[in-house]
Peer 1: 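Can you keep this structure in mind? I'll have questions shortly.
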Amino acid sequence: MSTTTIPATTDSYQTGLTNQVRGILDETPAWDLHTHLYPPTFGTPLSGTGQSAADANGLMLWGIDELLTYHYLVAEVFRVVPSRVLPYADFWQMSKREQADHIWQHLFLERSPISEACRGVLTTLQRLGLDPADKDLDGYRKWFAQQEPDDHIDRVMQAAGVCRITMTNDVFDDNERQRWLADPTVGGDSRFAPVLRFDALLCDWPAAARQLADWGYRTSETPSPDCIAEVQRFLREWIDRTGAIYCAVSLPPTFRFEGPEDTQLSSVIFREAVLPTLAERNLAMALMIGVVRGVNPRLSIAGDGVEKADVSSICRLCTDFPQNRFMVTLLSRENQHEFTVAARKFDNLMPFGCWWFLNNPSLIEEMTRMRMELLGTSFAPQHSDARVLEQIVYKWAHSREIIAKVLADKYAEVSRAGWPISDEVIRRDAKLLLHDNFQEFIAGR
Ligand code: RAT
Ligand code: ZN
């Protein structure tokens, strides 16, 4: 067992340790536990050179035009070319390629691409072997067009150090739903793990009830026992159809769960239909809380905002449903301390990721440091939330760097207290953080 022998108090010890931890984290495969990525079986708008045909509504997004039109960058381009110059509607009417040209011009060529989302494009190009210094958008397009999607996934996963990608399979998205109904094997690519997502059930029960009734379930706006049984039937059928490894919802900051007497429709459906079905199937429930949808609806998918969520509702869920497991991520920075303390209290609660507006180096570092100080290694520090395949390359590169820095600081502290740190120890902890904590949690071990 190799132990570091340089005295634990020196600067060179710290630098050596950081490099050692970074090297090991880089070699440790990550299970990306929440993305919006799909394999080619779900169709892809950019077909590449080989066998697959382009499908305009295909769900597998990849390539430079998708990278440049990521909704994070759409929001940023309106900061510099405001809607009084280019009206929102005109932007949305442009082709994907024109939108990408516009974003490239204004965010990359006319100013420095220093935001995290811009920098992400550069890291991605660089790690795929393309040179950002070329600034050759058409050259990048040609390179991507030469890739065959299926092989390209392997290359990208390799470059990202990701061994498994978790999908978000939204049962209320008609495009996706039809693909599952048309081809029961559509989710059969073992590189991708399915997750059943059903925001509407908890965010807008009346609309969900009507939709389920249209699909043949006997649901009603007031959830009677028969209606609850039908929601359970719906969930079981879709859990089976997709082979979901967990279920997920995104909830607004106003989400509250007030216990057994709570008569809000969302609480009744959650308490009586969703959680018992998940417990029966031994599936964890992911709650992503804090998004305010459509703060600026004219920005479409880029127009969502954030507000503080209610941590006591999470505590109540963990208390009232000890037979259920909750993976939780909160969007507001202001929630993070209270939430991390809550995670100390409940062994059926797994904090995960630095979500969306928190996925920036300064905030990832702050959150990761706080989580390590309060929870040790018992959390899942990151997920990519990638919508475009190649984004996993930068999201994991940037996050690994920060996790390594924080972990090395913690190792230096325990080394100073006389505790030996070896490659084996670092490898074990890296595997817990990037893979096993999540795997064990969803397995219910
Ligand atoms: O991070 C994002 O891209 C958001 O648009 C959402 O996808 C969010 O992560 C979600 O899953 O609702
Ligand atoms: Zn997401």
Side-chain angles (χ1 to χ4, degrees), residues 30-38 42 59-62 66-78 103 115-118 120-121 124 162 165-173 175-176 192-204 242 244-255 284-307 309 326-333 335 351-360 363-364 367 380-396 398-399 438:
W31 184 339
D32 198 339
L33 65 89
H34 169 63
T35 78
H36 300 265
L37 302 179
Y38 297 84
F42 287 83
L59 295 172
M60 177 191 165
L61 303 185
W62 62 287
E66 298 290 354
L67 286 168
L68 288 171
T69 54
Y70 188 28
H71 68 90
Y72 294 28
L73 291 174
V74 171
E76 287 173 31
V77 83
F78 275 101
I103 290 173
S115 75
E116 177 62 6
C118 283
V121 175
T124 302
V162 166
I165 295 174
T166 310
M167 297 181 276
T168 295
N169 303 110
D170 184 355
V171 63
F172 287 98
D173 175 58
N175 180 359
E176 171 155 4
F192 291 78
V195 163
L196 190 65
R197 170 97 168 233
F198 42 74
D199 294 3
L201 273 191
L202 300 187
C203 296
D204 188 355
T242 58
I245 60 164
Y246 66 82
C247 293
V249 287
S250 162
L251 298 166
T254 50
F255 171 76
M285 178 81 218
L287 305 175
M288 312 172 66
I289 317 177
V291 54
V292 187
R293 296 284 178 203
V295 168
N296 180 357
R298 290 167 305 175
L299 272 175
S300 184
I301 187 190
D304 298 341
V306 54
E307 280 174 24
F326 301 92
M327 300 163 47
V328 177
T329 198
L330 302 180
L331 195 51
S332 161
R333 179 192 189 189
N335 274 137
F352 75 93
C354 302
W355 180 25
W356 198 346
F357 308 117
L358 293 169
N359 198 9
N360 294 302
L363 299 173
I364 299 170
M367 284 171 66
Q382 197 51 303
H383 67 271
S384 75
D385 231 313
R387 287 180 171 266
V388 181
L389 175 68
E390 298 86 355
Q391 286 168 343
I392 61 173
V393 174
Y394 92 80
K395 301 239 187 189
W396 282 102
H398 294 184
S399 286
F438 168 65

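Every heavy atom of this structure was used, including side-chain atoms; hydrogens, water molecules and symmetry mates were not. Ligands are counted one by one from 1 in listed order, and the atoms in each one are counted from 1 as well.
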Peer 1: For the Zn ion (ligand 2), report each protein N, O or S atom nearer than 2.8 Å, sorted by chain and then by residue number.
Peer 2: H34 NE2, H36 NE2, D385 OD1
Peer 1: Return yes if a side-chain donor-acceptor contact under 3.5 Å exists between T124 and E390, otherwise no.
Peer 2: no
Peer 1: Would you check if there is a donor-acceptor pair between the side chains of D385 and H383 at a distance under 3.5 Å?
Peer 2: yes
Peer 1: Protein N/O near ligand 1 N/O, under 3.5 Å, which pairs?
Peer 2:
| unit_1 | atom_1 | unit_2 | atom_2 | d |
| --- | --- | --- | --- | --- |
| ligand 1 | 1 (O) | Y72 | OH | 3.2 |
| ligand 1 | 1 (O) | D385 | OD1 | 3.3 |
| ligand 1 | 3 (O) | H71 | NE2 | 2.8 |
| ligand 1 | 3 (O) | R387 | NE | 2.8 |
| ligand 1 | 5 (O) | H71 | NE2 | 3.0 |
| ligand 1 | 5 (O) | R387 | NH2 | 3.1 |
| ligand 1 | 7 (O) | H36 | NE2 | 2.8 |
| ligand 1 | 7 (O) | R387 | NH2 | 2.4 |
| ligand 1 | 9 (O) | W355 | NE1 | 2.9 |
| ligand 1 | 9 (O) | D385 | OD1 | 2.8 |
| ligand 1 | 9 (O) | D385 | OD2 | 2.9 |
| ligand 1 | 11 (O) | H34 | NE2 | 3.2 |
| ligand 1 | 11 (O) | H36 | NE2 | 3.1 |
| ligand 1 | 11 (O) | R197 | NH1 | 3.0 |
| ligand 1 | 11 (O) | R197 | NH2 | 3.4 |
| ligand 1 | 12 (O) | R197 | NH2 | 2.7 |
| ligand 1 | 12 (O) | R293 | NH2 | 3.3 |

Peer 1: Taking atom types as modelled, is there a side-chain donor on R387 or T35 under 3.5 Å from an acceptor on the other?
Peer 2: no
Peer 1: Any salt bridge between R293 and D304, counting N to O under 4.0 Å?
Peer 2: yes
Peer 1: Do the rings of H36 and H34 sit parallel, tilted or perpendicular, given the 30° and 60° boundaries?
Peer 2: perpendicular
Peer 1: Starting at CZ of F438, measure out to OH of Y246 and round the result to the nearest 0.5 Å.
Peer 2: 5.5 Å
Peer 1: Give a yes-or-no answer on whether the side chains of S384 and D32 include a donor-acceptor pair shorter than 3.5 Å.
Peer 2: yes
Peer 1: Answer with yes or no whether the side chains of N359 and E116 bring together a donor and an acceptor at under 3.5 Å.
Peer 2: no
Peer 1: Go through the steps for E176 and N169 under the test side-chain contact (heavy atoms from CB on, under 4.5 Å), then give the verdict.
Peer 2: CA-CA 7 Å; E176 171 155 4; N169 303 110; 2.7 Å; yes
